[in-house]
Amino acid sequence: MSTRIFIIAHTPLAHALRECALHVFADCAHSVLALDVMPQACPDATLAQAQLLLEPGGDTPTLVLTDVFGATPCNIAQRLVQGRQASLVSGVNLPMLLRSVCYCTEPLNTLVQRAVVGGTQGVMQVASSVLQKIDSHPHD
């Protein structure tokens, strides 16, 4: 059984990340869900909307990815995973999502580890450009 991936993030990030994943893995549309949390959205109404999105899969294991720990999307996701076969990871980025999609057939606890590693390994300094002020006055 494949684990589905549910992104809950500030608008428009959730759907934008989903679209990026579909660009790379076009066949994963059925297993990657997204919910954008609008500014000033009622948390209870957003939770109800998230629950409706998860209904068709019933007891399918679900990896929930959210953007910022402690923010509204994460708080909603914490309530959403209670009582479900689900895990929540905060700090979603594209490398994390792509790694999750690649390994979605693995058990949920293994997928969580792969997601976190993919997210952290995807963050690196690639280049650096340091502008130096040229001293126009020679030192004596």
For this session: Report yes if some heavy atom in the side chain of Val101 is under 4.5 Å from a heavy atom in the side chain of Val32; otherwise report no.
Result: yes
Could you tell me if the side chain of Tyr103 sits less than 4.5 Å from the side chain of Thr3, heavy atoms only? no
Discussion item. Could you check whether any side-chain heavy atom of Val68 comes within less than 4.5 Å of a side-chain heavy atom of Pro73, counting everything from C-beta outward?
Written reply: no
* Indicate yes or no: at least one non-hydrogen side-chain atom of Leu33 is less than 4.5 angstrom from one of Ile5. => no
By salt bridge (charged side-chain N to carboxylate O under 4.0 Å, His left out), Arg4 pairs with (sequence neighbours left out) none
Output for pair (Leu94 CG, Leu17 CG), nearest 0.5 Å, gives 6.0 Å
Rounding to 0.5 Å, atoms CG (Leu35) and OG1 (Thr66) come to a distance of 9.5 Å
Side chains of Asn93 and Val123: does their closest heavy-atom pair fall under 4.5 Å? yes
**Item:** Thr62 side chain vs Thr60 backbone, donor-acceptor pair below 3.5 Å
**Value:** yes
Here the gap from Ser87 atom OG to Leu111 atom CG, rounded to the nearest 0.5 Å, amounts to 8.5 Å
One should read off an interatomic distance between Leu54 CG and Leu80 CG, to the nearest 0.5 angstrom, of 5.0 Å
The complete set of side-chain hydrogen bond (donor to acceptor under 3.5 Å, both in side chains) pairs with one or both residues in residues 5-28, sequence neighbours excluded, reads His10-Asp67, His15-Asp36
Here the gap from Phe25 atom CZ to Ser100 atom OG, rounded to the nearest 0.5 Å, amounts to 10.5 Å
Would you tabulate the side-chain donor-acceptor contacts of residues 38-50 under 3.5 Å, counting partners in other chains and residues two or more places apart, or write 'none'?
residue : atom : partner : partner atom : Å
Asp44   : OD1  : Arg79   : NH1          : 3.1
Asp44   : OD1  : Arg79   : NH2          : 2.8
Thr46   : OG1  : Cys42   : O            : 3.0

*Is any side-chain heavy atom of Gln113 less than 4.5 Å from a side-chain heavy atom of Glu106?*
no
